[in-house]
Amino acid sequence: MFRKQLLFFFFYTIAFTVLGQTYYSKNYSINDAFIDNLPSNTIRSIYLDSRNFLWIGTSEGLCKFDGEKFKTYTEKDGLIGKKIWAIVEDKGGNLWISSYGEGLSKFDGNKFLNFTKDDGLISNSIRTLSVNESNHL
């Protein structure tokens, strides 16, 4: 009986070792030597859009990652604030970005359109976003 258990354990271990998959990953930080670095290691949101760009919401701005380099957007580019908490895409390909305490930005790929309490938001402190089947935010 012990011999059968030992053989079973041996073949079971070999099977998982041989058939196991290996996934390679790469870590990025603010110290990487890219044209435009990741501005902060504090990441609150990550979103993969319909064009396969990875959008990263950090405490120092919004980053677009194309697989090779980062492009950072801040208030200088028209973003409403730098503390990005949520990112979502509507059916028209527009990105909606919440900046906690500052409000909401809509990005059409070229420019930002910003919304605050003064424009009708209930609060400028938005932590999550979603778009439903009817394309409502």
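The first residue of the sequence shown is numbered 1, and numbering continues consecutively from there. These values consider heavy atoms only, across backbone and side chains, with no hydrogens, waters or symmetry-generated copies. If you're wondering where the values come from, they're calculated on a predicted model, not measured in any experiment.
- Counting heavy atoms from C-beta outward, I87 and L62 have side chains that approach closer than 4.5 Å.
- A donor and an acceptor atom, one from each side chain of S40 and S59, are located under 3.5 Å apart.
- Using modelled atom types and a 3.5 Å distance limit, the side chains of E102 and T116 yield no donor-acceptor pair.
- With hydrogens and angles disregarded, no donor-acceptor distance shorter than 3.5 Å links the side chain of D108 to the backbone of N94.
- The distance from atom CG of D90 to atom NZ of K106, rounded to the nearest 0.5 Å, is 6.5 Å.
- Transitive grouping of hydrophobic side chains (ILVMFWY, heavy atoms separated by less than 4.5 Å) brings I46 and F70 into a common cluster.
- In this structure, K71 forms a cation-pi arrangement with Y73, its terminal cationic atom sitting closer than 6.0 Å to the ring centre and no more than 45° off the ring axis.
- Looking at P39 and C63, their side chains come closer than 4.5 Å, going by heavy atoms from C-beta outward.
- With a 6.0 Å cutoff to the six-membered ring centre and a 45° limit on the axis angle, K83 does not count as a cation-pi contact of Y100.
- The hydrophobic cluster containing F53 also contains F112, counting ILVMFWY residues as joined when their side-chain heavy atoms lie under 4.5 angstrom apart, directly or transitively.
- Proximity of I43 to I56: side-chain heavy atoms (C-beta onward) are separated by under 4.5 Å at one or more points.
- Heavy-atom minimum distance, G92 versus N135: N-ND2, 4.4 Å.
- Looking only at side-chain heavy atoms (C-beta outward), D77 and T72 stay at 4.5 Å or farther from each other.
- Residues L113 and L104 share a hydrophobic cluster, clusters being chains of Ile/Leu/Val/Met/Phe/Trp/Tyr side chains in contact below 4.5 Å.
- Residues I126 and F115 fall within the same hydrophobic cluster, defined by Ile, Leu, Val, Met, Phe, Trp and Tyr side chains chained together at heavy-atom separations under 4.5 Å.
- Ring-centre distance between W55 and Y47: not below the 6.0 Å cut-off.
- Taking the side chain as every heavy atom from C-beta outward, K91 and E133 approach each other to under 4.5 Å.
- I80 and L121 are not part of a single hydrophobic cluster, where members link through side-chain heavy atoms under 4.5 Å apart.
- Between N124 and K117, the shortest heavy-atom contact is OD1-N, 2.8 Å.
- Within the 4.5 Å cutoff, the side chain of S45 has heavy atoms near those of the I84 side chain.
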CA sep, side-chain torsions, deciding dist, call: E89, D49, side-chain contact (heavy atoms from CB on, under 4.5 Å): CA-CA 7 Å; E89 183 179 21; D49 73 7; 3.4 Å; yes

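- Across all non-hydrogen atoms, the minimal contact from L79 to S105 is CD1-OG, 3.8 Å.
- Atom CD of E75 is separated from atom OG of S99 by 7.0 Å, given to the nearest 0.5 angstrom.
- Side chains of D66 and K69 form a contact here, defined as non-hydrogen atoms less than 4.5 Å apart.
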